[in-house]
Amino acid sequence: MADETPVRANIRDASTMRALAHPARIAILDRLFDGGEPATATELAEVCGLSPSATSYHLRELAKVNLIEQAPSRGDGRERVWRSQLRGLNIEPGPEGGAAERAADRELSLMFLEIEDARARAWLARRDEEPYAWYTAATSADMQIQVTADELRALNDEVFALFERYARSRRPDPPEGARQVNVTYRTFPRS
């Protein structure tokens, strides 16, 4: 069997970061990264809350920066099907990035924070209606630790290795009762 390690794109340039900085495009990528199933603009419009024509525009923009591509037709030559060979993104302008890269990274990071916060608020709004097992399994925590930069890198590597065990692309047959869970993990030095 071929190696099925998920391929992640390393994004370092400002133009790609700017192309990503739209909630609809992130929703499209989330769906196309989810097991890699190809989809049409009409199918993707449902996940990003836009019309199929507006979704088509966003698909073309993502294709311009090589994050998605046209997939083989499913039989109807008029239907445009899209896919991604990627399973995730690493946004890494690095300290060597110029002013344009730093500005685009900041804009994209702020958008991701807004998306993550909206997901957490949506959970809080509905958690009382969730089954008890899910209500008690979900958590939110804030903790301060003392580490060196090397220790923090090692901690991040360990956490991501743990997450990878449960990644959608690694679990083609999840156990009964499994649900998609959002995990937000942030590490940064305090002032």
Are there more than 12 heavy atoms of other residues, nucleotides or ligands under 6.0 Å from atom OH of Y185? yes
With a 4.0 Å cut-off, would you call D150 and R153 a salt bridge? yes
For residues V81 and P72, determine if any side-chain heavy atom of one lies less than 4.5 Å from a side-chain heavy atom of the other. no
With no hydrogens and no angle check, just 3.5 Å: does a side-chain donor-acceptor pair link S15 and D13? yes
With a 4.5 Å heavy-atom cut-off, do W82 and P38 have their side chains touching? no
Count I, L, V, M, F, W, Y as connected when their side-chain heavy atoms are under 4.5 Å apart, and connections chain through other members. Are L50 and L29 then in the same cluster? no
Do R179 and E130 come within less than 4.5 Å of each other through their side chains, counting heavy atoms only? yes
Taking all atoms of both residues into account, what is the closest heavy-atom pair of R83 and Q70, and its distance? NE-O, 4.2 Å
State, with a plain yes or no, whether a side-chain heavy atom of H22 is found less than 4.5 Å away from one of E61. no
Using a 3.5 Å distance criterion without hydrogens, assess whether the side chain of E158 forms a donor-acceptor pair with backbone atoms of L155. no
Is the shortest side-chain heavy-atom distance between R119 and W123 below 4.5 Å? no
Regarding D142 and R190, does a basic nitrogen lie under 4.0 Å from an acidic carboxylate oxygen? no
I'd like to know if the side chain of R31 and the backbone of E37 have a donor-acceptor N/O pair within less than 3.5 Å. yes
Can a donor-acceptor pair be found, under 3.5 Å and without considering hydrogens, that links the side chain of E114 to the backbone of M111? no
What is the minimum heavy-atom distance between T184 and R186, and which atoms define it? CG2-NE, 3.8 Å
Is any side-chain heavy atom of W134 closer than 4.5 Å to a side-chain heavy atom of V181? yes
Which residues end up grouped with L110 if you chain together Ile, Leu, Val, Met, Phe, Trp and Tyr wherever their side-chain heavy atoms are less than 4.5 Å apart? L113
When you group the ILVMFWY residues by side-chain heavy-atom contacts below 4.5 Å and let the links chain together, are L20 and V7 in the same group? yes
Quick check: are there more than 12 heavy atoms from other residues, nucleotides or ligands sitting under 6.0 Å from CD of Q144? yes
State, yes or no, whether a side-chain contact exists between N90 and I11 at a heavy-atom distance under 4.5 Å. no
F163 CZ: over 12 foreign heavy atoms closer than 6.0 Å: yes
